[in-house]
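Each chain gets a letter, A, B and so on, in the order its sequence line appears, and its residues count up from 1. In what follows, every heavy atom counts, from backbone to side chain, and hydrogens, waters and symmetry copies are set aside.
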There are 2 protein chains.
Amino acid sequence: MTQTPVTPPAILSDVEKNATPPNAQQLFERLELAIHEHQLPPGMKLGEDDIADIYGVSRTTVRSALQTLSHQRLVELKRNRGAFVAQPSVQEARDVFEARALLEPRTAYSAAERATPEDIVRLQGHIDAEHEALHAGNHGRAIYLSGQFHIAIAKIADQHTIEAFITQLISRSSLIVALYWERRAAMCESHAHDALISAFADQDGPRAEELMKSHLLDLVTSLDLRNKTSAPVSLKDALAK
Amino acid sequence: MTQTPVTPPAILSDVEKNATPPNAQQLFERLELAIHEHQLPPGMKLGEDDIADIYGVSRTTVRSALQTLSHQRLVELKRNRGAFVAQPSVQEARDVFEARALLEPRTAYSAAERATPEDIVRLQGHIDAEHEALHAGNHGRAIYLSGQFHIAIAKIADQHTIEAFITQLISRSSLIVALYWERRAAMCESHAHDALISAFADQDGPRAEELMKSHLLDLVTSLDLRNKTSAPVSLKDALAK
DNA sequence: GTGCGCGATATTGTATACAATAATGCGTGC
DNA sequence: GCACGCATTATTGTATACAATATCGCGCAC
């Protein structure tokens, strides 16, 4: 049983003292962020009543948000059994990174050729924020921001459909990182991102494509994709805000 | 006014005399099929009460199915205004086929190298069914089956994530075809599909990749993507919001 | 003591009720 | 006669109630 045994109280965002409760879309976004930043670990049970109580909404709203999350593959819905934060298998992890290898280098190429100075500034902003989070010791957020960098590149390419796919793949990569990341200390990615920015500044498509390709390869090799099952996630109140 | 004016009664599947009403998942599948086969045209309003009455379920179930359809981009949900069969813009159509051009040729390559004799038989079955539907004059179904052929190829490649993406792209292509298809009489695709099968039978990856690439190009050129229809939509939408 | 069966409890799936927002139509004023 | 405004109606968004299914625990037989 690789699944979190019992539902922890999960004080997600402290007490929701905001006057107006979130609607379905907003609830989805909050839960999505919580998963991305690894506040909700893979395998964790997401009870409808629990979430409803925490956010002060009805189960109707919760179910809508959970359904959206499941379409993003961040949550697995088991009929009559409830919702769980997704636990990508090793096979699925490989699959996701194969898809990224297929989509992202070519997208980086297109983006680099189209990149404007404002785009470069925006990308640099992402990197800075990532460094900041790392400095603050907030690994979960750093990983999230690292993903946002890739999404920002996809946005520059201005191909919305591919961008949506990449966005989903980054999402799922966050879970994969939570499960299989081995090189926690290093976080050497930033250098790869720096190199990418340089290629973007030169509008050098081929170089951007090549850099992205090797960056993704580097990411995959930094995962331990041998172990078959993940250890039971032992979390009590790992989510203290 | 490119939007279907008023909700037609839409006797989708005649009277639902089945004893047990469909659950949310089944309702989604029925609506999905109806859209794929062009029974529900792009832009058509999908009133919750209407669908609920037709299928003998509650609005809760309908809303769940509509949400799933919107995640597949077959339906557009406008907050507080309802659900409509999606009307992909010319830009979106181009976008979808660019994504297909990025994903499908490489997938065809992988699939061809892995294809077993049973796979070939299954693919041939798709083509036969497609011919049959065409002979019966059921164009909507023929287009649907033609898409299933592409999905079958993705399945053979055994890369689930990419397969899911391709499946969604095919789905949306069905709407694009409904809106922009010009060469209705010809339906020359079958020959392209025949050629693909031949490459699969030889396990000739490079040839399959090349055939898929040109097949997709051929598909795009058979669409009329000169932006003509978008004007009335934008007028209406601008007024609406 | 252990394993199975059955009832009690908890949780999810669906239906209904209510609230909020948008669409409609009619009346009035110009 | 036309356009604007307001009230009415219709439709969607959310909450609650009920039904179906799964989970858990206790008792009993072996």
At under 4.0 Å between heavy atoms, what does B/Thr61 touch on the DNA or RNA strands: base, sugar-phosphate, or nothing? sugar-phosphate
Relative to the ring of B/Phe149, is the ring of B/His126 parallel (under 30°), tilted (30 to 60°) or perpendicular (over 60°)? perpendicular
Contacts of A/Arg79 and A/Asn23 projected onto DNA chain D by closest heavy atom; the upstream (5') one is A/Asn23
Grab the CD-C1' distance between B/Gln67 and D/dT14 for me, whole Å please. 13 Å
With a 4.0 Å cut-off on heavy atoms, is B/Arg59 in touch with a base, just the backbone sugar-phosphate, or nothing at all? base
Rounding to a whole Å, what distance do you find between A/Asp50:CG and C/dT12:P? 8 Å
Side chain of B/Asp49 - closest among C/dT12, D/dT12, D/dT14: D/dT12
Separation of atom CD in A/Gln26 from atom P in D/dG13, rounded to whole Å: 14 Å
Establish, with yes or no, whether the OP1 or OP2 oxygen of C/dA15 is under 4.0 angstrom from a side-chain nitrogen or oxygen of B/Ser58. yes
Kindly point out which of C/dG13, D/dA15, D/dG13 is positioned nearest to the side chain of A/Thr60? D/dA15
Please determine if a side-chain N or O atom of A/Arg81 lies less than 4.0 Å away from the OP1 or OP2 oxygen of D/dT23. yes
Whole-Å distance, B/Tyr55 OH to C/dT14 P, equals 16 Å
Interatomic distance, B/Phe84 CZ vs D/dT12 C1' [rounded to whole Å]: 11 Å
Closest-nucleotide ordering on DNA chain D, the 5'-leading residue of A/Gln25 and A/Asn80: A/Gln25
Which heavy atom in A/His150 sits nearest to a heavy atom in A/Ser146, and how many Å separate them? CD2-O, 3.4 Å
Do the side-chain N and O atoms of A/Arg73 and A/Ser171 include a donor-acceptor pair separated by under 3.5 angstrom? no
Taking 4.0 Å as the cut-off, does a side-chain nitrogen or oxygen of B/Arg63 come that near to OP1 or OP2 on C/dG13? no
Please state how far atom CD1 in B/Ile51 lies from atom P in D/dT12, giving the value in whole angstrom units. 9 Å
So what does B/Ala83 hit on the nucleic acid, given a heavy-atom distance under 4.0 Å: a base, only sugar-phosphate, or nothing? nothing
What distance separates B/Leu169 CG from A/Ile162 CD1, expressed to the nearest 0.5 Å? 8.5 Å
Provide, to the nearest angstrom, the distance between the CG atom belonging to A/Leu77 and the C1' atom belonging to C/dG13. 12 Å
Out of curiosity, B/Phe28 CZ to B/Gln72 CD, how far, rounded to the nearest 0.5 Å? 4.0 Å
Please give, in whole Å, the distance from C/dT16 P to B/Asp53 CG? 11 Å
Tell me whether the side-chain N/O atoms of A/Lys45 come closer than 4.0 Å to OP1 or OP2 in C/dT12. yes
